[in-house]
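All remarks here apply to the structure that follows.
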Amino acid sequence: MATNLEKKDTDLFTVIRERQSIRSYDPNWQISEQEIKEMIGEAVFAPSSSNLQPWRFFVIQDPALKEKLLPIANNQKMVVEASATIVLLGDTEAYKQADKIYKSAIEAGLPEEYVPRVKEIYSKLSPEAIRGIALVDGGLVAMQLMLVAKARGYDTVPMGGFSAEKLIEEFNIPANYVPVMLIPVGKAAAPGFPKTRLNVDEVTFWNQIK
C-alpha cells in the first residue's frame, strides 16, 4: 500500500499550471491522517472575511463512509477511489468565535473595539448574506488546499455535483454548516482533461465594462 510522497520542489507558477481536476484515482494509494492535517494547516492561511475563518473540514477516509457518500455524490467514483474526500463546510456562526480569533491579534496591537463591532455587524446580517460569505471564503480555502495538495504531489477535484440536503441528512451535519463542495484527494490513476482557458483579453475589462 503506497503512502507518503515527498514534497515537490516546485514553484507556485508550475503548481498552478500542473494542477488538474482528476476524476480517476489509485484506490490503493493512502495519505496519512497526519499529512492531511498538514495540508489543511497550510490551506487555512487563505484570507477570509474579517479573518473569521468560517471553513470547516469533514475528512472522510473510512471505506464504509465513502460508500455512504457515493450516492449523495451522484455515484461519482472519485469519492470512493481517492485516499480521502474532504467535505468542505462553511460555518454561518463563525463570528461567534471572534473573541478567540482576535485574542492574539489584540495582543499584537489590534484595537479591542474591533471585536464587538465585528460581532454586531455579522449578527445583523441576513442568512443569505452570511451564507454568501461562507461560500466565498470556502472557495478561497478550497483553491489553496488544492494547490497545496498538488505541491505535495497529490491530485484533487472540486465537486459541486452532490446533494447538499442528503449530505446534511446522512452525516448529521449541524444547521449552521453550509456544504460548499467535496474535494477528493489522492493519486491520479489517469490524467485529467487537457486544460484550456479563455485568453486574458476575453475575460478582462479595463476601467469600464463593455
Side-chain angles (χ1 to χ4, degrees), residues 33-34 36-62 64-74 76 78-80 82-107 110-149 156-185:
E33 180 177 318
Q34 178 60 35
I36 292 173
K37 288 175 67 175
E38 290 174 5
M39 287 191 283
I40 292 173
E42 292 159 349
V44 296
F45 281 97
S48 61
S49 179
S50 299
N51 194 33
L52 290 176
Q53 308 160 54
W55 39 68
R56 303 292 180 263
F57 305 88
F58 174 29
V59 182
I60 297 179
Q61 288 182 298
D62 183 86
L65 293 181
K66 289 181 179 180
E67 291 293 339
K68 188 176 180 181
L69 181 62
L70 184 60
I72 295 171
N74 299 322
Q76 297 179 81
M78 301 92 78
V79 299
V80 294
S83 300
T85 291
I86 298 175
V87 180
L88 180 57
L89 305 167
D91 187 357
T92 59
E93 296 181 354
Y95 68 92
K96 293 183 178 180
Q97 295 195 55
D99 290 305
K100 178 180 180 180
I101 291 169
Y102 293 136
K103 181 180 179 182
S104 58
I106 290 172
E107 292 172 353
L110 181 74
E112 290 189 21
E113 61 268 20
Y114 185 77
V115 179
R117 187 162 67 246
V118 166
K119 284 183 176 180
E120 180 182 8
I121 291 171
Y122 278 80
S123 66
K124 292 180 178 179
L125 291 176
S126 69
E128 293 78 14
I130 288 286
R131 184 176 185 276
I133 291 170
L135 292 174
V136 169
D137 289 349
L140 292 170
V141 79
M143 190 69 256
Q144 190 131 313
L145 177 60
M146 290 186 285
L147 292 177
V148 165
T156 58
V157 57
M159 295 178 61
F162 65 96
S163 171
E165 294 77 13
K166 291 179 181 178
L167 179 74
I168 291 168
E169 180 181 355
E170 289 295 325
F171 290 96
N172 299 311
I173 295 173
N176 58 299
Y177 290 160
V178 178
V180 179
M181 69 180 74
L182 310 179
I183 307 178
V185 183

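Each residue takes its place number in the sequence, starting with 1.
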Could you walk me through whether E33 and K37 satisfy the salt bridge (Lys or Arg N to Asp or Glu O under 4.0 Å) test, starting with their C-alpha distance in whole Å, then the side-chain angles of each, then the deciding distance to 0.1 Å, before giving a yes or no? CA-CA 6 Å; E33 180 177 318; K37 288 175 67 175; 5.1 Å; no
Any side-chain heavy-atom pair from R131 and E128 closer than 4.5 angstrom? no
Using 0.5 Å steps for rounding, measure from the CG atom of L167 to the CD atom of E165. 9.5 Å
May I have the step-by-step check of side-chain hydrogen bond (donor to acceptor under 3.5 Å, both in side chains) for S49 and Y122, ending in yes or no? CA-CA 10 Å; S49 179; Y122 278 80; 2.4 Å; yes
Any side-chain heavy atom of L89 sitting closer than 4.5 Å to one from V178? no
Under a 4.5 Å cut-off applied to non-hydrogen side-chain atoms, are E170 and I72 in contact? yes
Stepwise, does the side-chain contact (heavy atoms from CB on, under 4.5 Å) test hold for F57 with L88? CA-CA 5 Å; F57 305 88; L88 180 57; 3.7 Å; yes
Could you give the distance from CD1 (I101) to CG (L110), rounded to the nearest 0.5 Å? 12.0 Å
Is it the case that over 12 heavy atoms from other parts of the model lie below 6.0 angstrom from the CD atom of Q97? yes
Where the side chain of N74 meets the backbone of G161, is there a donor-acceptor pair that is under 3.5 Å apart? yes
I need the minimum non-hydrogen distance between A134 and G90, along with the two atoms involved. CB-CA, 4.0 Å
Carboxylate-amine/guanidinium contact K119 D99, below 4.0 Å: yes
Hey, mind stepping through V185 and I36 against side-chain contact (heavy atoms from CB on, under 4.5 Å) and telling me if it holds? CA-CA 9 Å; V185 183; I36 292 173; 6.0 Å; no
Any salt bridge linking E169 with K166? Criterion: basic side-chain nitrogen under 4.0 Å from a carboxylate oxygen. no
Would you say that I40 contacts V59 through its side chain, given a criterion of any heavy-atom pair below 4.5 Å between the two side chains? yes
Quick one, Q76 and F162 - any side-chain contact, counting heavy atoms below 4.5 Å? no
Atom pair CG (L70) and NZ (K66), whose distance is rounded to the nearest 0.5 Å: 11.5 Å
N/O donor-acceptor pair under 3.5 Å between E107 side chain and A105 backbone: no
Do F58 and I86 have side chains that approach each other closer than 4.5 Å (heavy atoms only, starting at C-beta)? no
Are side-chain heavy atoms of T85 and L69 found at a separation under 4.5 Å? yes
Distance (rounded to the nearest 0.5 Å) between D137 CG and S50 OG: 9.0 Å
Electrostatic pair E113:R117 at N-O distance under 4.0 angstrom: no
From CD (E67) to CG (D62), nearest 0.5 Å: 10.5 Å
